[in-house]
Amino acid sequence: MVDEQNWNQEQERLDMVTEKLKERIAELEPEVSGLQNQAGDIRKRFWEEVTVNTSTDEDFEETFYSIRQQEALLSERERSLRLRMQQWKSMNRLLDSPYFGRIDFHEDGLDNSEQIYIGVSSFVDSDGLNFLIYDWRTPIASMYYDYSPGPAAYDTPGGPVSGKMELKRQYQIRNGQLQNVFDTSLTIGDELLQQVLGKGADSQMKTIVATIQKEQNTIIRDDKSRMLIVQGAAGSGKTSAALQRVAYLLYKHRERLKADQIVLFSPNPMFNSYVSTVLPELGEENMQQTTFQEYLEHGLGTAMQIEDPFDQIEYVLTEQTTRPYEARLNGIEYKASPLFLQALQHYAVWLGEKGMRFKSIRFRDRDIITVEQMEVQFYSYDRSIRLANRVAMLQEWLLKELRQLERKERAELWVQEELQYLDKEQYDAVHKELHKERGVFDFAEQYEQVQEYVQNKRRRDEADFDYAEQEEDLLRRMIVKEQFKPLRRSIRRMMYIDMVGLYAQLFEDKVTYMQMTNAPDVPELWLDICKQTKEKLGSLQLFYEDATPFLYLKELVEGMRTNTEVRHIFIDEGQDYSMFQYEFLKKLFPYARMTVLGDFGQAIFTQATELDGVDSPLIQLYGESDTRLIRLVRSYRSTREIVDFTRALLPSGKEIVPFNRGGMKPMLVKLGSKEEVSVRLAQELAALRAEGFSSLAVITKTAAESSEAYELLTKQGEQSIRLITKQTPTFEEGAVVIPAYLAKGVEFDAVLIYDASAYDRESERKLFYTACTRAMHRLQLYTTGKSMPFVQDLDESLYEVSE
Ligand SMILES: Nc1ncnc2c1ncn2[C@@H]1O[C@H](COP(=O)(O)OP(=O)(O)OP(=O)(O)O)[C@@H](O)[C@H]1O
């Protein structure tokens, strides 16, 4: 804490800045509302003021320019309004807590040092020169995060600026009043961080701008790498850094980068709501958020039913270790590997020579274009043309054929029959078409005539001959055209390609597979893998592990769709994506930089990718020279005691450094039965609430266990607890029962592991670690006496036992 004199000076300055902020807000207010009205006015009168006159070329030109002028005026006012609105909003945001940090920097070669106050946005004095507050994202503010007092430097577009940092100070300000002022000598003071981290968990993530750590700042401000990989321990601030990075990029490139050109891939839809308030709090719009599953569903449409990753993990966690289980696991691993990716690429080349699978074009129960015809046509194209281009050429050909067939079809008997069933509206349409030029036409009379004629009740006489003839012709056209419509649509959608057949063809037998794909080998239990895959495909379903390869093959055959708008993609929980998915994302977003954040220690899916291994294929995705790898080892979320416990669960856990915040040791509670567990859980939940903790999670291994725990707890009178399933759309405050794989990425004041002995396979170690690392302040583990391999291996000093 600073001395009284300094405190008073700081409060005076704070008062001065608050006053100026208020003045500016008052100044802006009428302007903002005035501008709003004006813009509204122009919008309303837009069409009244321009004279729409298009009778001569000159008039037309005049009208055109008149509209253009109005438009320009409008958009200028709107732009100006937007700017002022933005200013007004950020002033209001600053009012409560204008800044959180200060550095005094003496630039080399200058006489004086400058006081730089740092807040969530900039605020310049009315002279337009004096920065009363610097935005945390300005180049000069980076020193606050990167240096301790002493020599310091920052980068500007004109080159580096160096000098000496004479002071570094932190503030806590609420309602315009100083709460705390610290002078910090080392990194951003432990004291403030202690306070921030000591608070309760929230159902929404918070911004960390006031306490960004140096290594996190590197992630936030990296602007050079095509690929930025962050391997960080649980709770090391990866997601936080990612969100501040988005805010930074939007600020730095505000002239050309818009929020919707940034896409964040999240682990589940619930996570979206968890992080959705951070950017608005920083005065920025949210980026686009999605999950890979949403993308797959979009790409594969409704024709196939895709398993989601949560059902896949449920299978992996709950099934007994049998031969089909082993086969499925082998399949998951193989289908996620770069080997399978290469196999599919070779397969596409092979298909260029032979083996394409088509579906005939059928009309009224007959093949009007057969598979053989398509094969002949397809393989008649020059083989040097890329597969996808040949598929497009075939599409053109099919549409042409269809036009001819459509013409022929008009003479068929069924068309004659259909004519009799037309209703008045359909006739009306034809009449309108036919008599467009002729003015008056007695529709009822003509309808009669055509009906009679069609039903052969009446012979045509001279007078109506022309009409009837032409009408019938038109009606026939109309009928056939209508019926051919779905055929045309399906050809445009490339439904003539038998995608299921093409994918299934891969899973015949080992020899054929190796021939088609050049694969050096196949995984063990290949025939079982083949059988499982084909069975699923047979019912138009895809295992989760097949969905990405299937879509990839589809795009190899039909042409890759790309999104050239997006400039940055962020992948959180990056260890859970296969190399396959990475290759895909790279191709899908050719103009985007990629930021991958993850933790191999939390790789709970079988298809995991190691982020920072020596020869990690992820580093090769864009090549080493375009890739930067940052490791975060400090864990901020949990108390020292919890981190000491959790890091001991991982073989490489020694590298993890707990942030120095003390608490209680994790507690292992040994009880006799599930009922006893539920009684105790209910008591503990009540006790934790009484202590002031509000976000509490009973974490289970599987969804079935979650339901069980939820039921038992409800029986114990726990009314307010909520059961979280993969369908839960948002993350809310309070107590929840949740399976570990859905708790990824989020945190709770206290975590109660429902059944610690349920995690007994080595492959479940990381799931157990993930579950335990969700705890900020308290961790309790429950068991009914069975063995707990992961806990038993730990040093007993790391936890307390209660029986
Ligand atoms: N510099 C910081 N200042 C204040 N709080 C921080 C800082 N860095 C991280 N935290 C806090 O630590 C907690 C964990 O952060 P975050 O969720 O970003 O970590 P993570 O690495 O994504 O974790 P996990 O991999 O376990 O999901 C959050 O409560 C976050 O606010």
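Start at 1 and go down the list; that is how both ligands and their atoms are numbered. A quick note: this is a predicted structure, and the numbers were derived from the prediction, not measured.
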* Asked: Tell me: protein heavy atom nearest atom 19 (O) of ligand 1, and distance?
  -> Gly237 N, 3.0 Å
* So does Lys726 pair up with Asp311, basic N to acidic O under 4.0 Å? -> yes
* **Within-shell test, Ala242 vs ligand 1, heavy atom, strictly < 4.0 Å** => no
* Asked: What atoms in ligand 1 come closer than 4.0 Å to a heavy atom of Ala234?
  -> 25 (O), 26 (O)
* What atoms of ligand 1 come within less than 4.0 Å of a heavy atom belonging to Gln216? -> 1 (N), 2 (C), 7 (C), 8 (N), 9 (C)
* To do: Note the single closest protein heavy atom to atom 22 (O) of ligand 1, along with its residue, its atom name and the distance in Å.
  => Thr239 OG1, 2.8 Å
* To do: Give the residue, atom name and distance (to 0.1 Å) of the protein heavy atom nearest atom 17 (O) of ligand 1.
  => Arg637 NH2, 3.1 Å
* With no hydrogens and no angle check, do the side chains of Tyr171 and Gln179 hold a donor and an acceptor under 3.5 Å apart? -> no
* Are side-chain N/O atoms of Glu583 and Gln581 paired as donor and acceptor at under 3.5 Å? -> no
* Asked: Got a salt bridge between Arg778 and Glu691, using NZ or NE/NH1/NH2 to carboxylate O under 4.0 Å?
  -> yes
* To do: Answer yes when Lys744 and Asp576 have at least one side-chain N-carboxylate O distance shorter than 4.0 Å, and no when they do not.
  => yes
* For Ser695 and Glu733, test the side chains for any donor-to-acceptor distance below 3.5 angstrom and give the result as yes or no. => no
* Asked: Does even one non-hydrogen atom of Gly232 get within less than 4.0 Å of ligand 1?
  -> no
* Structure fact -> Near Glu573 (heavy-atom distance under 4.0 Å), the atoms of ligand 1 are 27 (O)
* Structure fact -> When distances are taken from atom 20 (P) of ligand 1, the protein heavy atom at minimum range is Lys238 N, 3.4 Å
* Structure fact -> Judged by heavy atoms only, the candidate from Thr211, Thr207, Val275, Val278 nearest atom 2 (C) of ligand 1 is Thr211
* So, for Asp599 and Ala234, which heavy atoms are closest and what is the spacing to 0.1 Å? -> OD2-N, 3.3 Å
* Structure fact -> Of Met205, Glu747, Arg774, Met776, the residue with the heavy atom nearest atom 14 (C) of ligand 1 is Glu747
* In the protein, what heavy atom is nearest to atom 6 (C) of ligand 1, and what distance, to one decimal place, separates them? -> Ile208 CG2, 3.6 Å
* Asked: Is Lys586 positioned over the aromatic face of Tyr622, cation under 6.0 angstrom from the ring centre and no more than 45 degrees off axis?
  -> yes
* Around atom 18 (O) of ligand 1, find the nearest protein heavy atom and jot down its residue, atom name and distance. => Ser240 OG, 2.6 Å
* Where does Ile212 meet ligand 1, judged by heavy-atom distances below 4.0 Å: at the side chain, the backbone, both, or neither? -> backbone
* To do: Specify the protein heavy atom at minimum distance from atom 11 (C) of ligand 1: its residue, its atom name, and the distance to 0.1 Å.
  => Leu197 CD2, 3.8 Å
* Asked: Do any nitrogen or oxygen atoms of Val746 lie less than 3.5 angstrom from nitrogen or oxygen atoms of ligand 1?
  -> no
* With side chains defined as the heavy atoms from C-beta onward, is the minimum distance between Tyr144 and Trp136 less than 4.5 Å? -> no
* Return yes when Gln602 approaches ligand 1 closer than 4.0 angstrom through a heavy atom, no otherwise. => yes
* Answer with yes or no whether the side chains of Ser225 and Asp222 bring together a donor and an acceptor at under 3.5 Å. => yes
* Contact between Asp599 and ligand 1, counting heavy atoms under 4.0 Å? -> no
* To do: Would you mind checking if Lys252 and Asp223 are paired as a salt bridge, meaning a charged N to carboxylate O distance below 4.0 Å?
  => yes
* So, Arg102 and Glu10, do they make that salt bridge, N to O below 4.0 Å? -> yes
* Structure fact -> The answer for which part of Ala233 has a heavy atom under 4.0 Å from ligand 1 is backbone
* Asked: Can a donor-acceptor pair be found between the side chains of His777 and Arg661 at a distance below 3.5 Å?
  -> yes
* Which one of Tyr274, Phe271, Tyr636 has a non-hydrogen atom at the shortest distance from atom 12 (O) of ligand 1? -> Tyr636
* **Distance-only N or O hit between ligand 1 and Lys206, under 3.5 Å** => no
